[in-house]
There are 2 protein chains.
Amino acid sequence: MNKLTINDIAKLCGVGKSTVSRVLNNDPKVSEKTKQHVLAVIKQYNFKPSRSARAMRGIENKVIGIIVTRLDSSSENRVLRGILNRLEELGYEHFITESRFDIELVQEHLYSFEQRQIDGIIVFGFSGLGQKILQPYSSKLVAIAQYYPALTSIYYDDQGAIRLLLERLYQENYRHIGYIGIHKQDYTTGYLRYQSYMDFCAAHQLSPNACLGELNYLTGYALTAEILQQPNTDAIVCATDSLAFGVNKFLQEQQRDDIQVCSVGNNPLLKFLFPQNISINFGLFRAGQSAVELLINLLATGQKTHCCIPSNFE
Amino acid sequence: MNKLTINDIAKLCGVGKSTVSRVLNNDPKVSEKTKQHVLAVIKQYNFKPSRSARAMRGIENKVIGIIVTRLDSSSENRVLRGILNRLEELGYEHFITESRFDIELVQEHLYSFEQRQIDGIIVFGFSGLGQKILQPYSSKLVAIAQYYPALTSIYYDDQGAIRLLLERLYQENYRHIGYIGIHKQDYTTGYLRYQSYMDFCAAHQLSPNACLGELNYLTGYALTAEILQQPNTDAIVCATDSLAFGVNKFLQEQQRDDIQVCSVGNNPLLKFLFPQNISINFGLFRAGQSAVELLINLLATGQKTHCCIPSNFE
DNA sequence: TTGTATGCGTTATCAT
DNA sequence: ATGATAACGCATACAA
């Protein structure tokens with residue numbers, strides 16, 4: 001449909017195509033008069049220069065690619081909100097792709113972005129995704145949710161989030177706190193959060209009572225029964241909000257309103273359905289915004305930086 | 001990083017660059033021997049032709065763009081699952097963008113796709129999005145969730161879904177059925193579903209009791225109180241699962257387990273938390289798959305078609 | 001079967 | 001300040 005080229009515009013204006021190009025690129029060496037004329041014609045015919053052709057000449061065009069792991073993850077969606085929010089303010093376009101924790105897919109998408117005049121990349125890290133896969137793109141890539149020493153990366157304070165929850169419970173005199181988390185193969189959500197719980201227990205002479213499983217509400221439901229085998233349990237900390245859905249459901253069915261449930265994520269639906277649940281804000285929205293900041297900075301200065309997002313009860 | 005060009009490969013092989021190009025494009029007019037040699041060198045140096053340059057020569061490359069309205073909509077995510085599922089089978093890449101019900105953003109994204117060597121487009125329609133915006137791209141665009149006469153489109157059976165729910169309730173002898181929906185400015189989820197309820201009531205001599213509001217669980221919660229002002233209400237039909245979250249929550253708090261709740265969407269979390277809720281499968285996953293089918297068919301034959309996805313209790 | 005020349009829509013380097 | 005012209009990396013009609 002848009003078959004107009006810079007040449008057509010040139011003829012339409014009665015000028016050379018180089019002049020049109022100059023106008024397009026804000027070259028100061030063009031008289032105000034012709035500039036306005038060319039601009040008018042461009043607007044009139046709604047002409048847009050071909051990105052492919054521009055790309056061949058090495059022009060950047062304010063587009064960044066985003067590789068998420070799961071489009072239907074509510075936590076990643078929160079981060080995405082932060083990313084898009086900041087991106088929009090800066091006038092950037094975005095393309096989103098899904099990796100589904102598949103390393104090969106990540107590679108395909110990275111290459112695809114590279115080939116499509118994309119200026120920068122934000123990728124959601126996961127436990128299997130090694131640094132060497134991302135390294136070749138390090139000059140324009142920001143990793144999120146995982147720490148990569150040689151890259152620009154944003155990561156969360158997994159240990160701090162659990163610690164904050166535990167400190168609050170401890171302060172409110174809970175002493176028999178169970179923990180429901182996910183398997184340790186997952187380094188951040190699994191291992192780090194579990195370890196934080198164990199450390200806290202050791203430091204405060206609490207006897208630990210932890211169960212680990214998959215990342216979904218069914219697991220939360222099933223593991224609650226196991227945790228309650230410790231009869232004097234008075235609180236349960238969940239690694240994520242999705243687990244907490246299951247835990248709260250189980251407790252509700254058993255009419256156990258004597259047990260305080262805590263979790264990480266600050267999911268609004270969870271808060272609506274189970275208002276008594278204490279959920280900590282993991283800083284996801286802010287993480288998204290920060291990712292954009294760091295990326296823009298990286299593109300401009302080439303400086304690789306890192307940023308750890310703190311959790312809070314807001 | 002990938003600075004190799006077709007010319008470099010040609011020199012490396014000791015052949016002309018046109019020969020390399022021919023190998024790249026599976027041109028049969030090249031001897032098996034040189035073909036293998038060139039292929040080997042290409043593989044050795046991990047050479048990939050520039051998409052920008054290819055695009056300028058009008059090459060298609062198995063990529064489709066998807067414009068969703070909200071990335072955090074669970075129903076759109078279900079459709080997306082169907083789309084990506086089918087796309088992967090067919091070896092297509094995807095780029096996803098969000099419109100947030102903003103017509104200008106849709107236009108930007110459409111243009112952006114056009115400029116980036118994208119073969120086909122799937123766009124999620126919404127009430128404000130007119131046909132004329134999409135028309136220019138009709139040769140490679142499929143609209144979903146809304147009926148557009150002049151385009152290839154996939155839409156849901158809004159009226160059928162509500163009717164199926166009501167028929168089931170009627171058959172089970174419910175006679176005082178309330179309805180909680182969303183405002184009629186939304187043509188499909190709002191108007192059509194509401195109308196279907198009203199029609200059913202008229203046809204079966206039931207006195208209607210409907211409330212309309214925003215599309216979220218808070219609305220469902222708030223409107224339930226109004227519905228219950230009709231004291232003998234024995235069932236409530238919700239236009240969507242998200243409303244049903246609020247409705248069920250309200251009824252649970254009031255310990256009203258004498259009221260049957262129904263909704264459209266088949267959300268797994270809803271089923272887990274409120275197993276007694278009856279939710280109908282709106283065919284979202286299948287809609288996604290069909291969208292891809294229709295798009296591929298459109299690209300191949302140029303034939304515009306339509307498809308209405310039926311709901312079912314699976 | 002293979003190489004040469006030309007064009008795709010830009011930007012950059014020359015002249016003028 | 002402006003216009004002709006040469007690249008950019010690739011595909012293709014044409015020549016060999």
Note to self: Reading DNA chain C from 5' onward, which residue's closest nucleotide shows up sooner: A:R54 or B:K17?
What the structure shows: B:K17
Check: If you pin B:M56 and A:I59 to their nearest nucleotides in DNA chain C, which one's is more 5'?
Finding: B:M56
Check: Rounding to a whole Å, what distance do you find between A:I6:CD1 and D:dT2:P?
Finding: 15 Å
Notebook entry, point to check: Please give, in whole Å, the distance from D:dT2 C1' to A:H37 NE2?
Noted result: 14 Å
Next item on the list: Just grab all the salt bridge (Lys or Arg N to Asp or Glu O under 4.0 Å) pairs involving residues 4-16 of chain B, residues at least two apart or on different chains.
Entry: none
Less than 3.5 Å apart, which donor and acceptor atoms pair up between the side chains of residues 67-75 of chain B and the rest of the protein, not counting sequence neighbours?
unit_1: B:T69; atom_1: OG1; unit_2: B:E76; atom_2: OE1; d: 3.3
unit_1: B:T69; atom_1: OG1; unit_2: B:E76; atom_2: OE2; d: 2.4
unit_1: B:S73; atom_1: OG; unit_2: B:S75; atom_2: N; d: 3.4
unit_1: B:S73; atom_1: OG; unit_2: B:S75; atom_2: OG; d: 3.1
unit_1: B:S73; atom_1: OG; unit_2: B:E76; atom_2: N; d: 3.1

Using the test salt bridge (charged side-chain N to carboxylate O under 4.0 Å, His left out), find all partners of [X] that sit at least two apart in sequence or belong to another chain.
X: A:E293; answer: A:R86
X: A:E88; answer: B:R100
X: A:E60; answer: none

Check: Between D:dA11, D:dA7, D:dG3, which nucleotide has the shortest distance from any of its atoms to the side chain of A:S18?
Finding: D:dG3
Check: Take atom CZ in A:R286; do more than 12 heavy atoms of anything else shown fall under 6.0 Å from it?
Finding: no
Margin query: Any residue in residues 20-34 of chain A with a heavy atom nearer than 4.0 angstrom to DNA chain C? Just list them by number, or reply none.
Written below: A:S21, A:N25
Margin query: With a strict under 4.0 Å distance from non-hydrogen atoms of chain A, what nucleotide opens and what nucleotide closes the contacted stretch of DNA chain C, reading 5' to 3'?
Written below: C:dG9 to C:dA12
Item checked: Inter-axis angle, terminal five-pair segments of the helix from C:dT1-D:dA16 to C:dT16-D:dA1 [nearest 10°] -> 50°
Please list, one pair per line, the donor and acceptor atoms closer than 3.5 Å that link side chains of residues 23-31 of chain A to other protein atoms, with sequence neighbours excluded.
unit_1: A:N25; atom_1: OD1; unit_2: A:R54; atom_2: NH2; d: 2.8
unit_1: A:N25; atom_1: ND2; unit_2: A:S21; atom_2: O; d: 3.2
unit_1: A:D27; atom_1: OD1; unit_2: A:K29; atom_2: N; d: 2.8
unit_1: A:S31; atom_1: OG; unit_2: A:T34; atom_2: N; d: 3.3
unit_1: A:S31; atom_1: OG; unit_2: A:T34; atom_2: OG1; d: 2.8

Next item on the list: Only counting residues at least two apart or in another chain, list the ones meeting side-chain contact (heavy atoms from CB on, under 4.5 Å) with B:E214.
Entry: B:H183, B:N216, B:T219
Next item on the list: For B:T97 and B:H109, test the side chains for any donor-to-acceptor distance below 3.5 angstrom and give the result as yes or no.
Entry: no
What pairs of donor and acceptor atoms, side-chain ones from residues 296-304 of chain A against any protein atom, are under 3.5 angstrom apart with sequence neighbours left out?
unit_1: A:T301; atom_1: OG1; unit_2: A:N297; atom_2: O; d: 2.9
unit_1: A:T301; atom_1: OG1; unit_2: A:Q303; atom_2: N; d: 3.1

Margin query: Applying side-chain hydrogen bond (donor to acceptor under 3.5 Å, both in side chains) as the test, list every pair that has at least one member in residues 139-151 of chain B; sequence neighbours left out.
Written below: none
